[in-house]
Amino acid sequence: MPVSGILYGHAVSQPCRSVQWYLDYCGNTTVERKLVDLRGKEQMKPEFLAKFPNHQVPAFETEDGFCFGESLAVLKYVARGDPEMTPKTIQDEARLDEYFGRHYSQVRKFTREVFYHHLVSKEMDKKTEGLVVIKPLLETYDALLGKQDYVLGSSLTLADFLFAPEVDQLQFVDDNVLLPYKNILSYLERLTTNIKGYKEDISAMKAAIGL
């Protein structure tokens, strides 16, 4: 049975896009999407804090009023029971958990730095430095995706819904950053073609950052 509830978020947030892209991919129509005006500090208003004291998105409210946040927790919650996203073996589950750890300590750590300096701090020298630092990571995943279709092998997993939005956003802060990585570009095209709301999410993100 599809998950129901309310997803609070904004397309400018990569963690929000991870959840939104998954819901769009699987065709979920039972989760309501509620826009949170991050620029207007809606996440700091009493009514939002009453439900989500950490004032972050994505955040999720179930039909019975249970509220929680953190992108991985929300993504795993909305994907529960989806046979395509359920690891087939304990080894598959271990690989997925391994990527979850790597995602936040490596992938998101570096992409977030670039995006932050482009959008928030406006320190372009630090953004440029970040684009240099991230090259080894992109090279590693480009080589990996030259051998297999998805981050963890031949099958789409939740790892892809974390990884793809992080890397995809880089091309909107620098037109050339992904050009040398043909396998990553092919991977992104292959994945986003099957995400119905991709263009709308990207348009919202670009509008939010002034592109």
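- Between Y141 and Y99, the two ring planes are perpendicular [angle over 60°; tilted spans 30° to 60°].
- Atom-to-atom distance recorded for H118:NE2 and D174:CG is 9.0 Å, nearest 0.5 angstrom.
- Considering all non-hydrogen atoms of both residues, P87 and L96 come closest at CG-CD2, 4.0 Å.
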For side chain to side chain contact (heavy atoms under 4.5 Å, CB included), just list the numbers for Y150 and T157, CA-CA rounded to whole Å, side-chain angles, deciding distance to a tenth of an Å, and then say yes or no. CA-CA 8 Å; Y150 299 103; T157 68; over 6 Å; no
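- Residues passing the side chain to side chain donor-acceptor pair (under 3.5 Å) test with T29, sequence neighbours excluded: none.
- Residues D37 and K45 are not paired through a salt bridge, judged by the lack of any N-O separation under 4.0 Å between the basic side chain and the carboxylate.
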Stepwise, does the side chain to side chain contact (heavy atoms under 4.5 Å, CB included) test hold for L191 with F163? CA-CA 11 Å; L191 179 59; F163 176 78; over 6 Å; no
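- Of all non-hydrogen atoms in G130 and V114, the two that sit nearest each other are C-CG2, 3.6 Å.
- Note on R102 versus E98: salt bridge recorded, some NZ/NE/NH1/NH2 to OD/OE distance being below 4.0 Å.
- Across C26 and D82, no two heavy atoms sit closer than the pair CB-OD2, 4.5 Å.
- Y104 and S71 make their closest contact through OH-OG, 2.9 Å (heavy atoms, listed as atom of the first residue, atom of the second, distance).
- Here the CZ atom belonging to R190 is positioned 9.0 Å from the CG atom belonging to D160, to the nearest 0.5 angstrom.
- Nearest heavy atoms, L72 versus L162: CD1-CD1, 4.2 Å.
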For L185 and E189, what are the C-alpha separation, side-chain angles and deciding distance, and is it a side chain to side chain contact (heavy atoms under 4.5 Å, CB included)? CA-CA 6 Å; L185 288 172; E189 182 177 4; over 6 Å; no
Between I134 and L170, does the side chain to side chain contact (heavy atoms under 4.5 Å, CB included) criterion hold? Intermediate values first, please. CA-CA 10 Å; I134 205 173; L170 292 174; 3.8 Å; yes
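- Note that the OG1 atom of T86 and the NZ atom of K88 stand 6.5 Å from one another [nearest 0.5 Å].
- Between Y198 and W21, the ring planes lie perpendicular to each other; the angle is over 60°, past the 30° to 60° tilted range.
- Closest approach of A164 and Y187 over heavy atoms only: CB-OH, 3.9 Å.
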